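First the proteins, then the strands, lettered A, B, ... as listed; each starts at 1. The structure presented is a predicted model; accordingly, all values stated were derived computationally and were not measured.
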Amino acid sequence: MIRRPEEFDQDLRLEADVAVVGSGAGGGPLAKELSEAGYRVVVLEEGGHFTREDFNFKPGEAFLRMYRDAGQTVTLGLPVILLPQGCTVGGTTTVNSGTCLRIPRSVLRRWQLEHGLKDLTSDEMDLLYAALEEYLFVKRADPEVVGKNAIIFKEAAERLGYSAGFLPRNAKDCEGFGMCPYGCPTNSKQSVNVSFIPDAVRAGAEVITRCRVTHIITRGGRALGVRGYLYDPLTRKRTLSVEVRSSVVALCGGALQTPSLLFHNRLCLSSGAVGRNLFIHPCGSTLALLDEPLGNPKGIPQSTYVDEFSSEGIELEGATLPPSVFAITLPWSGRKHSEIMATYPYFGTFGSMISEHDSRGRVLPGPSPRQPLATYHLGYQDAQRLKLSILLMAEIWFEAGARKVITPIQGFLELSSPRDMSALSRAKIKPHQFIGLSAYHPMGTCPMGGDPDSAVVRPTGETWEVDNLFICDASILPTSLGVNPQLTIMALSVRTAGFIDEKLARGIDRAEALSRIEKWKGRLRREKERLAYRLNTFFGMEGDISQQGETSGTSGAGDR
Amino acid sequence: MILERYVRERISELSRLFIVPTDDILAPEPEQISAFCLEFMRQGTPGFRFLYLFTLISLEAACLLRKGKRLRELDSGEGEEFLQSLYRSRWAPLRALPLLAGLPLFFSHYDREDVQKALGYDVENLRREAALREVTR
């Protein structure tokens, strides 16, 4: 059952086998797997529950209601980078583009060699990926519905001899309404809110929305549950408190929220790895003025890729923008802005993302668990690779017949012909020259690894320092992935569900043993009482033996 | 309330400078834009609220320093010139002022369905079409 705060009139005290904090790409699959295995699962989600009726083709409203802090999450540093994150049942998957890519072999190899993740084999990952792809209806974007923007760009890239293709997506019968990042209006995109969570609920999981978790209850180095509160979505004020007592706690709040929760609870901090190594995949974009209208944003926003430079960590992925989002990417205002907006139908858009080499980011504790601070400095080499990705896109756009290309690089905002590209290619671009950069894949802030001195999480997903506390989101990815991470997070989540199942199964045996001990103790107590009664009857002694024992024990302690 | 009134006034002035109507671009509705901006600030973090207010005040201050006038006293040509000089600045924080100030303004204006329709993007039609389609698992 998915429950809203309005349904409760008193503080909540719940018991469960597993408390899952967050319901995105990590929490959703975990909740489904464990509830289907018969465990009592309670999912605590900070965002609201939205359905297709709520997805109204208005990006502005979507940002206000479905994005964390109205989409205003930024990294502090040079340049300031917008890092929008979803805050809904389904997490960011409700508002992402649906691209489902497997981990590159080289990245997995590196995890095995450098991070002690030898057990995370490619065979195992392939099995998990295959199962997930079938469950989520993953297939390549349909060329019939991708839209003109994607077709023109892909064909131009292929004419230049670049490797290009259609991206695999978790969409069933998609008709390309172009609204993936603002909520799919037909339920075609198989985001967690329409796939894993409904299945988890059917299997008995309870999802509580608008619930912020602030405390992880621990005792003796063991997680025992979580505490938090419900809030009013309008006033954002706290209403009722929530406590869930559980055998296992799984943190699935994402790479910014999870380390923040650990900081505020002073847990898992001895390795010093919590919050470090924030990777975000910085993204650039280009806008190109063409001779014909492209029909944007109708089509599939992210449907095409060019992976010619993927060995260098550069991926180009299509991204069409509705007018309001297109408008905020333009570095002008007034008449110039209006003139460009008037030609909006003739503008093609495409994006790039890079896998970081020398950029550095970290998450620091903020004023409250829900407001972490993220710092990020784009490295010089990464700035040059971002520039290369923009040059690549510009070249492809000019091949497609663009009359001008707008870039996010100060000093090179408008390229009017391929000749302008040579000045840009010669220039050494400084990180602060980029305007309006964004990023969408925070990860790496609670890395998984085989060494407790450098990792927060064991290869099983359980934290090295707190028993029964698992982390299951993008924060456990030890390095930058280089591709959209949702499928990998889901695969690791399903894998972790197996380890939790194993642990809980052992736990249930222990519980049985404990209950037998309790029964035995009860029998012993009854025997003592019977004996006391007999002594009393036969020798006239007062009180019972257990009381005497306590008295003598106390006096003994006093004597010492 | 005082803060809200201050933001409303500044946003009204900035809407006029940032969004210039043309044949295809409808005129801004300052009330609607202000309401969106206030909601955008309310839903955001205290840090962003502070930053946005700081941006509005800094824009006003920069205008006084560079033009010797307040924002509301600039005509559209002067306003255009002033904002472009900030966009072109080599100093990133100065460049960020119009970018940040314009973000909710453009967002709310171009989210209006009549504005989108004038650009050839018929949202109403798409919404009707989408309502007829529901994909089930």
Check whether A:Ser338 reaches the backbone of B:Val20 with its side chain - one donor and one acceptor, N or O, closer than 3.5 Å.
yes

Aromatic contact, A:Phe57 with A:Tyr182 (centres under 6.0 Å):
no

Please classify the contact of A:Val74 with chain B as side chain, backbone, both or neither, using a heavy-atom distance under 4.5 Å.
neither

Shortest non-hydrogen contact from A:Glu46 to A:Arg212?
OE2-NE, 3.1 Å

Which region of A:Thr73, side chain (C-beta onward) or backbone (N, CA, C, O), has a non-hydrogen atom less than 4.5 Å from a non-hydrogen atom of chain B, or is it both or neither?
neither

Pick whichever of B:Leu83, B:Thr22, B:Thr45 has the most heavy-atom pairs under 4.5 Å with chain A.
B:Thr45

Residue from B:Arg95, B:Glu39, B:Gln84 scoring the most non-hydrogen pairs under 4.5 Å with chain A is B:Arg95

Using heavy-atom distances under 4.5 Å, tell me whether B:Asp111 contacts chain A through its side chain, its backbone, both, or neither.
both

Ignoring hydrogens and angles, tell me if any N or O in the side chain of A:Ser260 forms a donor-acceptor pair with the backbone of A:Leu256 under 3.5 Å.
no

Are A:His337 and B:Phe106 close enough that their ring centres sit under 6.0 Å apart?
yes

Examine whether an atom of B:Ala131 lies under 4.5 Å from a heavy atom of chain A, and if so say whether it belongs to the side chain, the backbone or both; otherwise answer neither.
backbone

Taking side chain as everything from C-beta outward and backbone as N, CA, C, O, which of these in A:Glu53 sits under 4.5 Å from a heavy atom of chain B? Side chain, backbone, both or neither.
neither

B:Arg137 portion near chain A, given a 4.5 angstrom heavy-atom threshold
both

Measure A:Phe63 against the heavy atoms of chain B and call it side chain, backbone, both or neither at under 4.5 Å.
side chain

Does this structure show an ion pair linking B:Lys117 with B:Asp114, if we count only N-O contacts that are shorter than 4.0 Å?
no

Proximity breakdown for B:Leu126 and chain A, heavy-atom pairs closer than 4.5 Å:
both

Is B:Thr136 close to chain A through its backbone or its side chain, or both, or neither, when contacts mean heavy atoms under 4.5 Å?
backbone

Using non-hydrogen atoms only, which part of B:Ser89 is less than 4.5 Å away from chain A: side chain, backbone, both, or neither?
backbone

Proximal component of A:Phe137, with respect to chain B [non-hydrogen, under 4.5 Å]:
side chain

Are there more than 12 heavy atoms of other residues, nucleotides or ligands under 6.0 Å from atom CZ of B:Arg8?
yes

More than 12 heavy atoms of other residues, nucleotides or ligands under 6.0 Å from NZ of A:Lys336: is that the case?
yes

